[in-house]
Structures are given as C-alpha cells and as structure tokens.
Peer 1: 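Pasting a structure below so you can have a look.
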Amino acid sequence: MPKIKVAHIIEQGQNMILFPLDRTFHQKTSTEQHTALAELEDRAHEAGLAGRAAVFWEVQGRTHYLGPRQWTNFLRSISIRQVLASVNKSITW
C-alpha cells in the first residue's frame with residue numbers, strides 16, 4: 001500500500017496540498033508529471049483533504065514544482081525544504 005507525506009496548508013485563502021517528491025520525478029515526461037499530479041490530488045481528496053495539489057522536487061540544489069497556474073508566484077517563492085518542514089499529514093491507498 002503506497003504511503004506519501006503531505007503538507008496540507010492554507011495560504012492566501014487557498015487549501016493547498018503540497019507533495020514533496022524525490023528527484024526521479026524530474027525524469028518523467030510532462031504528460032507523466034501531469035498525470036501523477038492529478039492522481040495524487042485525487043488520492044488526497046479520497047483521504048479527506050480539501051484543496052488543489054502541487055508537487056515539489058529538487059535537482060542539483062534547485063527546487064522544481066508543478067501545480068495550478070494561479071499559484072505560480074507562491075509556488076516559485078518556496079523551496080522543497082519549506083515544503084518538507086510543513087509536512088503535517090500522510091496518505092495511504
């Protein structure tokens with residue numbers, strides 16, 4: 001049964017579900033990344049978490065993210081370390 005850590009926060013009046021992932025996520029195609037994000041968001045909703053999801057990963061000391069376009073400024077402003085420090089839940093399926 002997969003288990004993944006989540007930072008479930010409220011920022012700028014929005015429920016955000018932030019998933020810190022490992023660097024192998026960077027090797028996926030754009031389509032695979034978007035599919036994975038949608039699945040993680042669905043799994044989070046099934047676990048009772050409200051909001052939209054974003055994923056974060058780090059490659060060579062640089063934080064990368066994928067999430068809703070309207071969150072771009074916020075997502076760009078935080079690092080994976082901040083996401084990891086905000087982890088407050090885990091989900092399983």
Peer 1: Can you tell me which residue among Val55, Thr72, Leu21 is in a side-chain contact (heavy atoms from CB on, under 4.5 Å) with Tyr65?
Peer 2: Thr72
Peer 1: Between CD of Glu46 and OG1 of Thr92, what distance do you get to the nearest 0.5 Å?
Peer 2: 11.0 Å
Peer 1: Can you measure from NZ (Lys3) to OG (Ser90) and round to the nearest 0.5 angstrom?
Peer 2: 4.0 Å
Peer 1: May I ask you to decide if Ala50's main-chain N or O and His8's side chain share a donor-acceptor pair within less than 3.5 Å?
Peer 2: yes
Peer 1: To check you understand the geometry: which heavy-atom pair defines the closest contact between Ser77 and Gln82, and what is its length?
Peer 2: O-OE1, 3.9 Å
Peer 1: Does Leu18 belong to the same Ile/Leu/Val/Met/Phe/Trp/Tyr cluster as Val87, with side-chain heavy atoms less than 4.5 Å apart forming each link?
Peer 2: no
Peer 1: Between the main-chain N or O of Thr29 and the side-chain N or O of Glu32, is there a donor-acceptor pair closer than 3.5 Å?
Peer 2: yes
Peer 1: State the CG-NZ distance between Asn88 and Lys5, to the nearest 0.5 angstrom.
Peer 2: 12.0 Å
Peer 1: Give the intermediate values and the outcome of side chain to side chain contact (heavy atoms under 4.5 Å, CB included) for residues Ile17 and Leu40.
Peer 2: CA-CA 9 Å; Ile17 308 164; Leu40 288 169; over 6 Å; no
Peer 1: Applying side chain to side chain contact (heavy atoms under 4.5 Å, CB included), run through Arg52 and Asn15 and close with a yes or a no.
Peer 2: CA-CA 7 Å; Arg52 300 285 311 276; Asn15 280 301; over 6 Å; no
Peer 1: Where the side chain of Ser86 meets the backbone of Ala7, is there a donor-acceptor pair that is under 3.5 Å apart?
Peer 2: no
Peer 1: Check whether any side-chain heavy atom of Met16 sits under 4.5 Å from a side-chain heavy atom of Ile10, and report yes or no.
Peer 2: no
Peer 1: Ion pair present between Glu58 and Arg23, side-chain N to carboxylate O less than 4.0 angstrom?
Peer 2: no
Peer 1: So which heavy atom on Ala47 is nearest to which on Ile91, and how close?
Peer 2: CB-CG2, 3.5 Å
Peer 1: According to a hydrophobic-cluster definition based on side-chain heavy atoms being under 4.5 Å apart (Ile, Leu, Val, Met, Phe, Trp, Tyr only), do Trp71 and Phe56 belong together?
Peer 2: yes
Peer 1: Would Trp57 end up clustered with Phe19 when hydrophobic side chains under 4.5 Å apart are linked, directly or stepwise?
Peer 2: yes
Peer 1: Same cluster for Ile9 and Val6 if Ile/Leu/Val/Met/Phe/Trp/Tyr side chains link at under 4.5 Å?
Peer 2: no
Peer 1: Could you check whether Arg43 pairs with Glu39 (Lys NZ or Arg NE/NH1/NH2 to Asp/Glu carboxylate O, under 4.0 Å)?
Peer 2: yes
Peer 1: Could you measure the distance from the CD atom of Gln70 to the CD atom of Gln12? Nearest 0.5 Å is fine.
Peer 2: 10.5 Å
Peer 1: Just by distance, do the side chain of Gln33 and the backbone of Phe25 share a donor-acceptor pair under 3.5 Å?
Peer 2: yes
Peer 1: If two hydrophobic side chains count as joined below 4.5 Å and joins carry through other members, does Leu84 share a cluster with Leu49?
Peer 2: no
Peer 1: Donor-acceptor check, side chain of Glu41 to backbone of Ala53, threshold 3.5 angstrom: yes or no?
Peer 2: yes
Peer 1: Of the non-hydrogen atoms in Ala54 and Gly67, which two are nearest, and what is the gap between them?
Peer 2: CB-CA, 3.9 Å
